[in-house]
Structures are given as C-alpha cells and as structure tokens.
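In this chain, residues are counted from 1 in sequence order.
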Amino acid sequence: MPQRTVLVVVFDEVQSLDVTGPVEVFTGAEQHVPGSYRVRTASLDGAPVRTSSGLTLMPDGALAGTADPHTLVVPGGRGTRHPNPRLVDWVRRHGPRAERLVSVCTGAVLLAAAGLLDGRRATTHWAYCDTLARNHPAVEVDPEPIYVRDGNVATSAGVTSGIDLALALVEEDLGRDTALTVARHLVVFLRRPGNQAQFSAQLAAQTARREPLRDVQQWISEHPAADLSVEALAARARLSPRHFARAFRAETGMTPGRYVDRVRLEHARRLLEDTADGVEEVSRASGYGTPEAMRRAFVRALGAAPAEYRRRFRPAHTP
C-alpha cells in the first residue's frame, strides 16, 4: 500500500479544531495501519502560528519547498477573512497538484480566492455560505450538507465536520473497519453522511419574534405526529391561514411546510439512530403516516431509505 502524504496548511488565526480534527483522524489511521499516512503541517515561512483561540501551533516546516502531497488540507478560521496574498498564491499554484484537495470550514474561502472552486459545488460554515456565494458567483455554494465531494475537491462545513470528512476519506482509502476504529478511539460515530444537514430544523430557521409564532415552532418540535397543516397551525396561532403562512416565512426564513418537513425528518432520524422501533412505528411517530411516505422523504433528502440509513448510521450500542 502506498503511503499517502497529508499536508495541513496553517496560518495565523486559524481555527485550531479545523487543524487538529483531521490531523487526529489521519494520524489515528496511521497508527492502526502503519505506513498508510504521513501527516505534516506547514506555515508560509515555517514559523509558529497563533490560532483564533490563542493556542500556538508549531508547524513541521515551511510551505516553500514541500513536496506535493497526496491530500492537501486547507483549514478555516478568522485568518481567512483577510488572507495573506502569499498564502492564496501558494494555494493557487500547489492546490491543483494534490491528488485530493480538502477544505475545512472557511478554508473554502481560501480555495475560492485561489480560483480552485470555480465551476464546482462546495460548502462551508453555514454562517459564511451567503458571503462565499456573493463574493464568488462562479462557485455553486450548497449551504445544507456537512461536506461536499466534487471530483477530487472536498469541502466541509463548520469545525467538527472536518472530522466527518476526514473519516470518510479514511474509509475510502483504508476501508470501513479502519475508519470505525479511528472513530471509536476519538469517541465519535462513523454515522454522518455528507448530505446530512449542518444544523437542526430549529437552528436552520430563525426564531420568530412574536410569541404566538414561537409557540407554534415549539409545538411542531414537540408534536411531529400531530396535524401540522397550515390551517391547524394558524388556528393555534389565532391567525388566518394566509396571514400565518406569510408571517411565519417572514420571521423564520422558511415556509411552515418546509419547517414541518425538517422537524419530521430530524425526529425520524433520531428514532432510527437511537431506538429499535420498527420503520412503521417510526413513520407514525414522526408524522409520516406510512413507511412509504417516510421512505420518499428520506430518499429525497438523504439519498437513502430509512432501513439503509439505520443500518449505516445507528451506533453499535443502541439497544
């Protein structure tokens, strides 16, 4: 098996977890399968860098003169807001030479600034997706997934999603058993598919300003199997259906129907991951009514049927 070199770029005000998360994954895989990876970190001039949390990282060396890696990892952090032009230029010249180009969080901003995401689908931390799309219109920004693969370029969302992406790459390189071993050692689950949403329905939507609408949001979350039609929710808010639908979208950023869909999907996923309830029981408890309705929702949103989702992503210790 050829050894794969992994080079992680570091710079002042980098997000420390964007660096250490993938490093721990690839290093853990190397410990499990000796000779599989050689992990290195490098800054522009080889000097120590100060992370956004105040930690100091001592890189292995300077970017200048480093051999082209198999996997180049570009982390994010506050240092990507006004990146060093020399760093952008280095990424522009050396990124295409890597067999696999990876960004974590706002590291996608550096890749975009270097022109390496033009014409590609990509993601980044949800709080910066709009900015990335506005500043780089040639990039197809998808704010939903925790990571996106487009050819040999992989971009991930905020912070811990870099661990999810690194585990997926280890599974691709060395197989599922090795990836599972690393995940268990790090006390994380090898369970999040790339197209899993970055955040829950409640976080994806804004919290309504008016109390009746906030109460409705809470009711939806607590009663996914109830009648959650616009008419029923409007009656609970004591508004006309038309007024309710308009106000809900204005204050939360999404329609009532989309919010209900997200809550039900999230509830069903949790039941599949954390319980031994049957698919029919889960579909009723989550408001789908029938297993077929839930299957269609899962395939549309996650690309996997409920049974397959459970097989792949339920922790081994679930009773």
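- Leu186 is listed as a side-chain neighbour of Glu24, based on a closest heavy-atom distance under 4.5 Å.
- Looking only at side-chain heavy atoms (C-beta outward), Arg93 and Val88 stay at 4.5 Å or farther from each other.
- With hydrogens and angles ignored, the 3.5 Å screen pairs no side-chain donor or acceptor of Asp277 with any backbone N or O of Val282.
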Q: Please report the C-alpha distance between Tyr309 and Arg295 in whole Å, then the side-chain angles of each, then the deciding distance to 0.1 Å, and finally whether the side-chain hydrogen bond (donor to acceptor under 3.5 Å, both in side chains) criterion is met.
A: CA-CA 10 Å; Tyr309 181 91; Arg295 189 194 69 81; over 6 Å; no
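- Electrostatic pairing of Glu281 and Arg284 does not count as a salt bridge here, judged by no charged N lying under 4.0 Å from a carboxylate O.
- With rounding to the nearest 0.5 angstrom, the OG atom of Ser36 is 7.5 Å from the CD atom of Gln3.
- Contact check on Asp215 versus Arg236 returns no salt bridge, with no Lys/Arg side-chain nitrogen under 4.0 Å from an Asp/Glu carboxylate oxygen.
- When hydrophobic clusters are built by joining Ile, Leu, Val, Met, Phe, Trp and Tyr residues whose side-chain heavy atoms come closer than 4.5 Å, directly or via intermediates, Leu44 is grouped together with Phe11.
- Two residues are said to be in side-chain contact when any heavy atoms from C-beta on lie closer than 4.5 Å; Arg86 and Asp45 meet this criterion.
- Classification of Arg242 and Glu231 as a salt-bridged pair fails, no side-chain N sitting under 4.0 Å from a carboxylate O.
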Q. Checking side chain to side chain contact (heavy atoms under 4.5 Å, CB included) for the pair Thr255/Arg246: CA distance, chi angles, key distance, verdict?
A. CA-CA 8 Å; Thr255 65; Arg246 186 168 58 245; over 6 Å; no
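- For the pair His32 and Glu30, the minimum side-chain heavy-atom distance is 4.5 Å or more.
- Although no hydrogens or angles enter the test, the distance criterion places no donor-acceptor pair under 3.5 Å between the side chain of Ser16 and the main chain of Thr51.
- Separation of atoms OG (Ser156) and CG (Asp18) is listed at 7.5 Å; rounding is to 0.5 Å.
- Side chain of Arg176 to main chain of Glu171: no donor-acceptor pair is present (N/O by atom type, distance under 3.5 Å, no hydrogens or angles).
- With hydrogens and angles ignored, the 3.5 Å screen pairs no side-chain donor or acceptor of Ser286 with any backbone N or O of Tyr288.
- Ion pairing between a basic and an acidic side chain is recognised when a charged N comes within 4.0 Å of a carboxylate O; Arg121 and Asp142 show such pairing.
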**Q.** Worked verdict on Thr106 versus Thr80 for side-chain hydrogen bond (donor to acceptor under 3.5 Å, both in side chains)
**A.** CA-CA 7 Å; Thr106 55; Thr80 64; 3.0 Å; yes
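- Note: Tyr128 and His125 have perpendicular aromatic rings, judged against thresholds of 30 and 60 degrees for the angle between ring planes.
- At a threshold of 4.5 Å between non-hydrogen side-chain atoms, the residues Val8 and Phe26 do not count as touching.
- Between Val74 and Val102 the shortest side-chain heavy-atom distance does not fall below 4.5 Å.
- No salt bridge links Arg258 with Asp261; every basic N to acidic carboxylate O contact stays at or beyond 4.0 Å.
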